[in-house]
Amino acid sequence: MNDNMGNKMKRVCIVLSILGWFALSSIALEKPNRDALKPEQPNVVFFLIDDLSHLGVSAYGANRISSNQGIFTNEYVSTPRIDALGADGLRCEFAYAYPLCEPSRVALMTGMNNDRNFIQAKALHDSHVTFGDVFQRAGYVTGITGKWKQSRGTQEFPGKEYVAQFGWDEFFCFDVVGEGKRMIEPFLVDNGKIQKYTGLDSQTGRRYYGPDLFNRYALDFIERHQDEPFFLYYPMVLVHDEHTPTPDTRPKVLFDEFDVDKPAQYGSMTGDERRYFPDMLRYMDKMIGQILDQLDALGLSENTLVVVMGDNGTKECFSHVFPDGTCVSGGKGSTREQGLRVPLLLRWPGRIPAGQLYTGMVNITDLYPTLCEAIGVEPAYADQLDGLSFLQQAMGLQKKAHRNEIYTWYNANRSIANQDGLLRYAHTPWFKRYAPHNGFPAGRFFDLREDPNERAGARVVKYKWDDWHYAGLDISQLTDEQKRAFDHLGNVLEAHRFVAVEDLKIEPASSSLRVGEMIQLDYQVVPEQGTRTSVIWKSSDSSIACVDKFGVLRAQQEGDVTISVYSWDDAYPVSSDISPAFSETGVSDSLRVSIRP
């Protein structure tokens with residue numbers, strides 16, 4: 001069988017597995033207060049803002065932005081459209097992500113901590129189930145527009161087409177086959193078609209602007225699919241660099257004649273001028289407002305769950321300023337609060353009461369299971385998720401916080417083979433403990449109530465760039481309260497220590513099927529507490545029987561076939577244009593299946 005035929009059979013298998021979903025699996029959730037959820041499937045619109053801490057949304061209290069380089073000072077910026085979501089729904093006070101966007105995005109889409117599935121930057125393999133896959137399987141029309149950044153393709157599927165393998169019916173994205181520009185004259189991929197937008201935009205008569213193109217696509221997606229359940233994932237390119245004028249910057253000539261190839265002033269990015277950051281913040285809020293207005297105009301707001309979240313903290317060259325003059329510097333890339341704490345607001349009229357403030361901690365992994373519960377679908381491989389749904393808390397049906405602490409495994413954008421800078425930490429809003437790491441063989445501990453910037457301790461070690469790690473509190477001098485927190489967080493770190501997968505077993509299943517039959521395969525990991533429990537399913541001949549990432553096996557035609565499953569623990573699957581995409585020499589199991597007429 002040639003490669004083209006194999007690719008076609010893989011696509012057919014995916015489609016047939018989606019069609020056969022309801023015949024194979026119950027989607028009923030065993031959740032408390034399930035009766036409170038209304039029966040119709042809601043639409044979901046999820047905005048992920050790029051490089052903005054919680055203080056970049058004015059509902060969190062800051063009302064000005066300053067440049068730490070003196071480029072601009074105390075410029076007033078508000079986000080009224082985002083703020084209104086919190087007023088009409090829920091604002092989360094303590095929401096956390098990873099310090100950098102790519103680790104955050106993998107965690108968001110999979111509901112898992114990075115130690116389970118972050119193998120290499122821009123290389124998430126399509127064997128992993130994402131929230132796009134789950135929504136698509138549940139019958140939703142799925143679309144993504146904005147920043148992708150998660151893959152580069154495999155031998156089977158080139159990078160320009162690979163986004164679709166993660167459950168997206170439609171995609172219009174930046175950073176799919178390469179970066180290029182994202183703002184003025186952007187380099188994008190539209191459903192597999194690579195395009196650089198130069199010249200004048202026929203709809204505006206001015207230069208093409210990436211955020212306008214993404215918003216236009218989102219508006220069109222919603223209008224085209226208004227009569228069916230849809231999931232729109234909108235990872236915005238705003239407010240990441242390159243920092244440029246927006247179409248609303250005045251005078252207009254600043255946008256119309258901006259030199260996108262201007263030599264870099266900071267780092268290596270050309271066409272970047274940080275003085276335009278406040279304009280970008282305002283434009284980001286405007287873009288979100290346009291989508292909200294579209295939902296209103298089409299009568300969809302009442303049955304649409306809208307989520308706005310940040311992917312990491314604001315860039316360290318900017319500071320957020322409160323009305324009293326208190327100044328908080330950005331901290332992107334840092335594991336301190338300024339790098340981790342992000343905005344999170346949800347609106348779902350009639351389900352989430354208006355004006356709520358949730359003070360429990362929310363991890364970025366929690367969004368996946370929360371969205372699944374909202375649409376009444378059990379996440380695939382739910383027992384492997386690190387995320388915990390907080391829908392009951394959001395709906396006001398449960399007062400107790402859904403989690404007490406957050407554990408994070410953070411290796412930045414490094415390959416899993418390079419863990420020299422690995423940081424493992426566990427924290428509550430008030431205390432934080434790091435596992436032993438380079439420079440600090442005993443770990444570190446901070447009381448965030450008194451030291452939110454983690455500056456305690458006399459010894460300081462440079463981590464990277466201008467990021468310095470302080471030794472933390474003297475453990476021998478802790479108060480009783482601090483000692484209890486220290487011990488508790490130590491137990492959390494121990495509970496999340498890495499456990500290698502030693503064996504893999506396909507669960508007992510029929511070894512004989514008739515053409516057209518489907519069965520659900522499952523597997524067991526040994527030991528059960530293994531860390532990287534995801535797998536890759538593979539058929540020796542997809543023309544005879546194909547198996548998808550959910551383990552759904554479909555008999556295609558008469559013959560014999562071997563179904564194999566490989567552990568992510570040592571297969572190291574990547575989508576980085578290399579072949580093979582994963583190793584088949586490690587932990588695995590196989591099943592011989594006969595297909596009869």
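- A side-chain N or O of Arg444 and one of His437 form a donor-acceptor pair less than 3.5 Å apart.
- Distance check, rounded to the nearest 0.5 Å: OH of Tyr276 to CD of Glu242 gives 13.5 Å.
- With sequence neighbours excluded, the residues satisfying side chain to side chain contact (heavy atoms under 4.5 Å, CB included) with Asn453 are Gln338, Arg455.
- Note: Trp468 CH2 to Lys462 NZ = 5.5 Å, rounded to the nearest 0.5 Å.
- Judged by distance alone, with hydrogens and angles left aside, the side-chain atoms of Arg414 form a donor-acceptor pair with the main-chain N or O of Gly421 at under 3.5 Å.
- In this structure, Lys149 NZ and Glu102 CD are separated by 5.5 Å, a value rounded to the nearest 0.5 Å.
- For Thr73, the side chain to side chain contact (heavy atoms under 4.5 Å, CB included) partners two or more places apart in sequence, or in a different chain, are Ser66.
- Thr198 and Glu185 form no side-chain donor-acceptor contact under 3.5 Å, judged by distance and modelled atom types alone.
- Side-chain atoms of Cys92 and Leu346, non-hydrogen and from C-beta on, do get closer than 4.5 Å to each other.
- Remark: Thr244 engages no residue in a side-chain hydrogen bond (donor to acceptor under 3.5 Å, both in side chains) (not counting sequence neighbours).
- For residues 323-346, no pair satisfies ring pair (Phe, Tyr, Trp, His ring centres under 6.0 Å), with sequence neighbours left out.
- Both tests do not hold together for Arg433 against Tyr425: distance to the six-membered ring centre under 6.0 Å, angle to the ring axis within 45°.
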Please lay out, stage by stage, how Phe277 and Phe318 fare under the test ring-ring contact (aromatic ring centres under 6.0 Å, His included). CA-CA 9 Å; Phe277 184 64; Phe318 304 115; 4.0 Å; yes
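- When the ring pair (Phe, Tyr, Trp, His ring centres under 6.0 Å) test is applied to Phe94, the partners found at least two apart in sequence or on another chain are Trp430.
- Qualifying side-chain hydrogen bond (donor to acceptor under 3.5 Å, both in side chains) partners for Asn418, counting only residues two or more places apart in sequence or in other chains: none.
- The two residues Cys173 and Thr145 have their closest heavy-atom pair at SG-CA, 4.4 Å.
- Judged by distance alone, the side chains of Gln482 and Gln477 never bring a donor and an acceptor atom under 3.5 Å apart.
- Between atom OG1 of residue Thr365 and atom CD1 of residue Ile406 there is a gap of 7.5 Å, rounded to the nearest 0.5 Å.
- Arg424 forms no cation-pi arrangement with Tyr410, by the criterion of a distance under 6.0 Å to the ring centre and an angle within 45° of the ring axis.
- Using bins of under 30°, 30° to 60° and over 60° for the plane-to-plane angle, the ring pair Phe221/Phe230 lands in the perpendicular bin.
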Pair Ser329-Thr314, side-chain contact (heavy atoms from CB on, under 4.5 Å): steps then yes or no: CA-CA 8 Å; Ser329 180; Thr314 302; over 6 Å; no
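- Shown here for Glu257 and Arg207, the closest heavy-atom pair between the two residues is C-NH1, 3.8 Å.
- Ion pairing between Arg282 and Asp248 fails under the 4.0 Å rule for side-chain N and carboxylate O.
- Side-chain atoms of Thr246 and Asp279 form no donor-acceptor pair, as typed in the model, at a separation below 3.5 Å.
- The distance from atom OH of Tyr217 to atom CG of Asp220, rounded to the nearest 0.5 Å, is 7.5 Å.
- Taking CG from Asn312 and OG from Ser334, the interatomic distance works out to 11.0 Å, rounded to the nearest 0.5 Å.
- Remark: Glu337 does not engage Lys432 in a salt bridge, criterion side-chain N to carboxylate O under 4.0 Å.
- Here the shortest heavy-atom pairing between Ser104 and Asp311 reads OG-O, 2.6 Å.
- Between Tyr233 and Phe46, the two ring planes are perpendicular [angle over 60°; tilted spans 30° to 60°].
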Can you list the steps and then say if Tyr98 with Trp409 is a ring-ring contact (aromatic ring centres under 6.0 Å, His included)? CA-CA 9 Å; Tyr98 282 77; Trp409 183 99; 8.6 Å; no
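- Between the side chains of Gln356 and Arg91, no donor-acceptor pair of N or O atoms lies under 3.5 Å.
- Scanning for side-chain hydrogen bond (donor to acceptor under 3.5 Å, both in side chains) contacts around Tyr234 gives Asn215, with sequence neighbours left out.
- Partners of His320 by ring pair (Phe, Tyr, Trp, His ring centres under 6.0 Å), not counting sequence neighbours: none found.
- For the residue pair Glu454 / His469, no side-chain donor-acceptor distance below 3.5 Å is found, with atom types taken as modelled.
- A search for ring pair (Phe, Tyr, Trp, His ring centres under 6.0 Å) contacts involving His402 returns Tyr358, Phe390, not counting sequence neighbours.
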When you look at Trp148 and Phe172, which way does the ring-ring contact (aromatic ring centres under 6.0 Å, His included) test go after all the steps? CA-CA 9 Å; Trp148 174 240; Phe172 181 51; over 10 Å; no
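- Looking at Arg64 and Val77, their side chains never come closer than 4.5 Å, going by heavy atoms from C-beta outward.
- Scanning for ring pair (Phe, Tyr, Trp, His ring centres under 6.0 Å) contacts around Tyr283 gives Tyr209, with sequence neighbours left out.
- Contacts of Asn303 classified as side chain to side chain contact (heavy atoms under 4.5 Å, CB included), with partners at least two apart in sequence or in another chain: Glu40, Pro42, Arg351.
- By the side-chain hydrogen bond (donor to acceptor under 3.5 Å, both in side chains) test, Thr408 is found to be paired with no residue, residues two or more places apart in sequence or in another chain being considered.
- Using a 4.0 Å cut-off between a side-chain N of Lys or Arg and a carboxylate O of Asp or Glu, Asp51 and Lys332 qualify as a salt bridge.
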